[in-house]
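Read through the structure below, which is laid out as structure tokens, and then see the notes.
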Amino acid sequence: MKVTLWSKLLHSITSQFSTKSLVLIPIAVGINLIGGTLCSTLKLPLFMDMIGTMVIACLSGPWVAALCGLLTNVFLAIVANPVYLPYALSSVLCGLAVGYMVKAGLLKKLWGILLIWLACSAINTVTASMITVFVYGGATGVNGTSILTAALTVAWKNILISVFSSSMLENLIDKGITLVIVTIVVGKIPRRFMSQYASGNIKTTNFKPIKADAASHGYNLEFILADLCKGKSGNANPNTLPSDAEMDERLRKADSVHDAPGAMGRANPLVKFLGVFLMGLAALVWPDFTLGLVIVAGLFVLAWRVGCLRAFSKLMFGFGIPMAIMLMFIQGLYSPKNTIVIADFGFAQLGLQGVLYASKIVVTVLVFLGSFYIANKTTYIGSLVAALTQIGCPSKLGYLIFASLNVVPQMQRKTTVIRQAQSARGLTTGGSLVSRFKAFLPLIGPVVMSSLSDAQERGMTLETRGFGIKGVRRTNYVKVSWTSKDAVALWSLIAVFLVVLVLSILDHTGMFPVTYPWGGVR
């Protein structure tokens with residue numbers, strides 16, 4: 001019985017990931033990022049980074065929406081700020097909740113839409129607040145919510161309640177507007193397009209879903225591809241097929257174009273990104289901020305060697321200073337851990353424990369941020385995808401990563417064109433807050449609709465090229481080598497992390513103190 005239930009559950013999840021749904025995920029991720037970009041451009045105090053997730057929850061189902069939410073935060077961490085990565089939990093849970101509620105037919109009724117709004121706001125508020133408090137100490141410094149949190153902390157003298165209150169207010173507004181936009185957009189999508197997805201959940205019961213994967217057709221793509229590879233097709237000439245030596249030369253030239261100069265560019269992408277997490281974890285487990293500060297100083301040297309010191313410094317100081325100010329204010333003045341007072345301002349006292357805790361959080365985040373930036377700056381994304389598929393990751397996952405990062409610049413250019421066209425027609429994108437809100441929907445609407453049209457064309461193209469076939473060994477155009485230097489670098493990073501972990505445990509237990517006692521506090 002358990003096996004049967006588990007099989008049914010697994011089948012219900014995997015059946016959502018058709019070729020068309022997989023193609024839709026990068027588009028939805030791009031819509032999420034463009035929504036956030038438009039908010040930043042229009043100077044709106046919102047995120048609007050779940051429009052694509054909610055749209056794909058309506059079209060493809062909850063688990064596809066959950067993957068979309070996860071990838072959105074991963075790419076926000078890559079292209080914007082690693083601070084967004086832990087909030088992937090909020091995006092995943094919201095995607096699942098919206099997907100299952102839409103599947104239950106709640107989007108067909110007004111009270112159901114209100115219930116989706118409240119549920120999504122509550123989930124995001126609780127999870128995001130917990131992450132903000134227990135991971136970042138109460139503030140991240142990436143938006144205006146941190147300022148509101150600081151003001152509430154002064155009034156209520158409680159960090160958790162202040163973060164929860166500011167997050168709840170922000171999410172009620174943000175998710176409410178997002179759901180209104182999604183409802184309007186879904187209502188404007190042609191029913192012929194909707195019939196290819198979860199049509200029964202959103203007022204399109206006259207159409208049945210179309211199964212358009214390659215496996216559902218009556219021809220065998222495996223044999224067709226095998227014939228083409230052997231030169232048996234009438235359109236293929238064996239004499240024109242490149243030899244192995246010619247292909248190796250093409251691959252070598254392709255790799256050389258994308259490789260960053262120096263040792264960092266030649267290093268295996270997996271080593272670099274594993275190094276990001278190992279260095280960040282080392283700074284996290286170390287009892288105080290000193291190790292993180294040393295790593296940050298080393299990252300500045302590495303950025304100078306790589307040739308991106310100016311941009312690196314702008315990123316680190318531009319993010320680190322606001323976050324440090326916010327955390328020093330919130331934790332330094334109002335942390336419940338404060339017992340040793342180092343300054344008395346009358347309305348509040350600056351505590352040593354809060355200052356040390358804030359310093360630890362800031363340098364740890366800067367370690368993740370700086371190492372992530374350098375790794376991303378020196379890595380061609382195609383090499384990262386190829387390295388992942390070479391170690392056994394599914395090729396579809398590689399497509400999602402590569403396609404998502406390529407779709408975003410295309411959608412940004414499309415958004416710029418749409419914004420210029422709307423401005424030429426008299427749309428005002430400045431002025432009061434209400435005027436900027438009114439300008440958001442005429443900008444995001446065409447972006448979403450044109451992107452969904454592109455997704456349909458992209459899905460048809462991939463299907464005709466055998467994207468959905470099974471039982472075929474796939475190859476990569478970009479080859480990533482694993483050298484002895486990569487092995488040495490990886491094992492060195494692991495060894496350093498293990499040493500740091502052991503020393504941290506010894507320091508915490510008091511068996512072998514290794515950190516400096518700041519005012520009697522370790």
Side-chain angles (χ1 to χ4, degrees), residues 73-86 88 135 255 258-286 289-309 311-313 315-316 319-320 360-393 397-398 401-402 405 478-504:
N73 283 81
V74 170
F75 295 132
L76 278 172
I78 293 176
V79 303
N81 198 323
V83 167
Y84 292 107
L85 190 58
V135 177
D255 293 342
H258 300 295
D259 283 340
M264 282 294 295
R266 293 190 296 270
N268 190 287
L270 298 181
V271 174
K272 286 186 277 190
F273 283 96
L274 284 173
V276 170
F277 289 102
L278 289 174
M279 285 191 293
L281 290 175
L284 180 64
V285 301
W286 192 252
F289 65 90
T290 53
L291 178 62
L293 195 61
V294 171
I295 296 176
V296 169
L299 290 175
F300 272 94
V301 176
L302 185 58
W304 170 69
R305 294 292 303 272
V306 171
C308 60
L309 180 59
F312 180 81
S313 302
L315 174 69
M316 297 289 278
F319 173 77
K360 170 74 178 299
I361 294 175
V362 171
V363 296
T364 301
V365 173
L366 289 180
V367 169
F368 277 109
L369 175 65
S371 56
F372 216 108
Y373 177 83
I374 294 176
N376 185 46
K377 193 74 174 177
T378 58
T379 303
Y380 169 53
I381 190 62
S383 299
L384 175 60
V385 173
L388 289 172
T389 54
Q390 284 176 202
I391 63 172
C393 289
L397 176 61
I401 297 174
F402 193 75
L405 289 176
V478 177
K479 297 292 183 181
V480 179
S481 60
W482 179 269
T483 64
S484 58
K485 293 181 180 179
D486 293 321
V488 171
L490 178 60
W491 285 110
S492 298
L493 287 169
I494 293 174
V496 170
F497 172 72
L498 292 176
V499 170
V500 169
L501 181 62
V502 171
L503 291 177
S504 300

| In Å and rounded to the nearest 0.5 Å, what is the CG to OG distance from Leu278 to Ser371? | 10.0 Å
| said: Could you tell me if the side chain of Phe300 sits less than 4.5 Å from the side chain of Met316, heavy atoms only? | reply: yes
| Given side chains that start at C-beta, do those of Phe319 and Val365 come closer than 4.5 Å, heavy atoms only? | yes
| request: List the atom of Ala283, the atom of Gly292, and the distance in Å for their closest heavy-atom pair. | output: CB-CA, 4.0 Å
| request: Please round to the nearest 0.5 Å and tell me the distance separating atom NZ of Lys485 and atom OG of Ser492. | output: 13.5 Å
| said: Within a 6.0 Å radius of atom CH2 on Trp304, are there more than 12 heavy atoms belonging to other residues, nucleotides or ligands? | reply: no
| Distance in Å, Thr379 OG1 paired with Leu270 CG, rounded so as to fall on 0.5 Å steps | 9.5 Å
| said: I need the Leu384 CG to Thr389 OG1 distance, nearest 0.5 Å. | reply: 9.5 Å
| query | If you measure from CG on Leu299 to CG on Leu366, what distance do you get to the nearest 0.5 Å? | reply | 9.5 Å
| query | For the residue pair Ile374 and Ala303, what are the closest heavy atoms and their distance? | reply | CD1-N, 4.0 Å
| Can you name the closest pair of heavy atoms from Val276 and Ala375 and give their distance? | CG2-CB, 3.8 Å
| Taking C-beta and beyond as the side chain, do Leu274 and Leu493 meet within less than 4.5 Å on heavy atoms? | no
| Under the side-chain contact (heavy atoms from CB on, under 4.5 Å) test, which residues partner Val363, sequence neighbours left out? | Phe289, Leu293
| Quick one: are Leu503 and Trp286 in side-chain contact, heavy atoms under 4.5 Å? | yes
| said: Can you give me the closest heavy-atom contact between Ala311 and Tyr373, atom names plus distance? | reply: CB-OH, 3.2 Å
| note | Heavy-atom closest pair (Lys272 atom, Met264 atom, distance to 0.1 Å) is NZ-O, 2.9 Å
| Side chains of Thr483 and Asn268: closer than 4.5 Å at any heavy-atom pair? | no
| Taking the inter-plane angle between the rings of Phe277 and Phe368 on a 0 to 90° scale, is it parallel (under 30°), tilted (30 to 60°) or perpendicular (over 60°)? | perpendicular
| task | Report the distance from atom CG of Leu302 to atom CD1 of Ile295, rounding to the nearest 0.5 Å. | result | 12.5 Å
